[in-house]
2 protein chains.
Amino acid sequence: MATESERIHRYLEDKLDECRVEDVETRLSELDMLQSTARSERVESDLAVLSTLGNETRYRLARVLADADGELCVCELNAVVDVSESAISHALSDLREAGLVNRRKNGRWRNYEATPVASAVIDALDEVHHDE
Amino acid sequence: MATESERIHRYLEDKLDECRVEDVETRLSELDMLQSTARSERVESDLAVLSTLGNETRYRLARVLADADGELCVCELNAVVDVSESAISHALSDLREAGLVNRRKNGRWRNYEATPVASAVIDALDEVHHDE
DNA sequence: TATTTATTTGAATGTTTCTTCAATTAATAG
DNA sequence: CTATTAATTGAAGAAACATTCAAATAAATA
């Protein structure tokens with residue numbers, strides 16, 4: 001990456017005026033360390049969590065379950081989201097695979113509840129926006 | 001939705017054995033209240049945040065910016081993510097649109113920094129997983 | 001002023017994703 | 001045991017997405 005380090009070299013030179021002296025190698029390794037703090041299993045699971053919640057059907061299901069006081073039956077979730085039963089089932093299955101909900105069998109009913117991961121992400125979004 | 005309320009009716013009947021008496025109308029309105037606590041502007045912005053972060057390129061950029069001590073130049077971000085410059089630029093533009101990063105112009109360099117929203121979501125994911 | 005440089009933009013394209021329909025499974029009721 | 005019911009599964013098609021290449025913009029330098 002000759003061209004890339006050259007560009008960073010020029011950038012750091014420019015920055016000298018307003019900042020301290022740095023060495024390109026040092027900077028590159030700093031950046032590499034920053035990047036590698038994200039362990040790859042964590043990246044994978046975070047991406048699953050985020051992309052799974054980033055769909056309206058799944059987001060609404062997760063939010064209702066997180067706000068609900070305990071578990072809800074699929075039949076109740078049907079009343080909450082306006083897509084086919086099949087779509088809800090697919091959505092719940094995706095949420096489960098991402099570790100965002102747990103399922104409990106109860107005869108022919110199935111009850112779902114939000115996991116702490118789902119609650120944590122939703123709470124974080126609520127809190128950071130609470131002043132709006 | 002005659003069929004839907006019938007199903008909920010049967011579900012609540014089943015639940016009587018292990019729970020208290022409830023009325024279908026009441027339950028449906030409880031569910032509706034649960035669902036409507038999610039104000040629609042908030043849903044939209046949460047979905048933008050989550051789906052934007054749910055892509056590896058954008059997630060890695062956001063995480064590095066959140067972990068970095070202040071802003072980083074695009075030229076530095078190039079060293080951190082392994083896609084074309086164009087892809088990085090598109091990714092940063094998406095992150096900006098979702099309110100996850102801010103941009104500062106500095107001559108021909110562009111510096112980006114994570115917003116509190118980005119930090120909050122990433123922190124939440126880190127915290128909920130800290131025991132793994 | 002002409003050239004180089006850093007970044008962005010837009011079009012193109014292959015891939016992924018979301019939803020639905022139809023069929024299936026598993027539990028219960030008749 | 002047959003039928004009904006609750007939920008799931010898989011296939012299919014349309015829509016949305018992510019990345020790249022090529023071209024454009026804007027700042028700085030020669």
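To find a chain, count down the sequence lines: A is the first, B the second, and so on, and within it residues start at 1.
- Salt bridge absent: B:Glu4 and B:Arg7 never bring a charged side-chain N and a carboxylate O closer than 4.0 Å.
- Both A:Val83 and A:Leu100 are part of a single hydrophobic cluster, where members link through side-chain heavy atoms under 4.5 Å apart.
- Here B:Arg103 lies in heavy-atom contact (under 4.0 Å) with sugar-phosphate atoms only.
- The interatomic distance linking B:Leu12 (CG) with D:dT5 (P) rounds to 17 Å, in whole Å.
- Judged by distance alone, the side chain of A:Asn55 and the main-chain N or O of A:Arg58 form a donor-acceptor pair under 3.5 Å.
- With salt bridges taken as basic N to acidic carboxylate O contacts below 4.0 Å, none links A:Arg10 and A:Glu13.
- Within the 3.5 Å criterion, the main-chain N or O of A:Ser5 finds no donor-acceptor partner in the side chain of A:His9.
- Between A:Asp94 atom CG and D:dA7 atom P the separation is 18 Å, expressed in whole Å.
- With respect to the salt-bridge test (charged N to carboxylate O, under 4.0 angstrom), the residues A:Arg63 and A:Asp126 qualify.
- Annotation: the terminal axes of the helix from C:dT1-D:dA30 to C:dG30-D:dC1 meet at 10°, where each axis is the rotation carrying the C1' atoms of four end pairs onto the next four (5 pairs per end, rounded to 10°).
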Annotated protein contacts, base or backbone, on nucleotides 19-30 of chain D with a non-hydrogen cut-off under 4.0 Å, one of B, S, - each: SBB-----BS--

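- Of the possible donor and acceptor atoms, none in the side chain of A:Glu127 sits under 3.5 Å from a partner among the backbone N and O of A:Ala124.
- The backbone N or O of A:Val49 sits nowhere less than 3.5 Å from a side-chain atom of A:Thr52 that would complete a donor-acceptor pair.
- B:Arg108 places no side-chain N or O within 3.5 Å of a backbone atom of B:Lys105 that could act as its donor or acceptor partner.
- Bounding nucleotides for the chain A contact on DNA chain C, 5' to 3', at a heavy-atom distance below 4.0 Å, are C:dT5 to C:dA29.
- As a whole-Å value, the separation of A:Glu97 CD from D:dT9 P is 10 Å.
- The distance between atom CG of B:Leu95 and atom C1' of D:dA18, rounded to the nearest whole Å, is 13 Å.
- In this structure, the CG atom of A:Asn78 is 12 Å from the C1' atom of D:dT8, given to the nearest Å.
- Salt bridge status for A:Arg104 with A:Glu113: absent, with no side-chain N to carboxylate O gap under 4.0 Å.
- A:Leu65 is connected to A:Ile88 through a chain of hydrophobic side-chain contacts under 4.5 Å among Ile, Leu, Val, Met, Phe, Trp and Tyr, so both are in one cluster.
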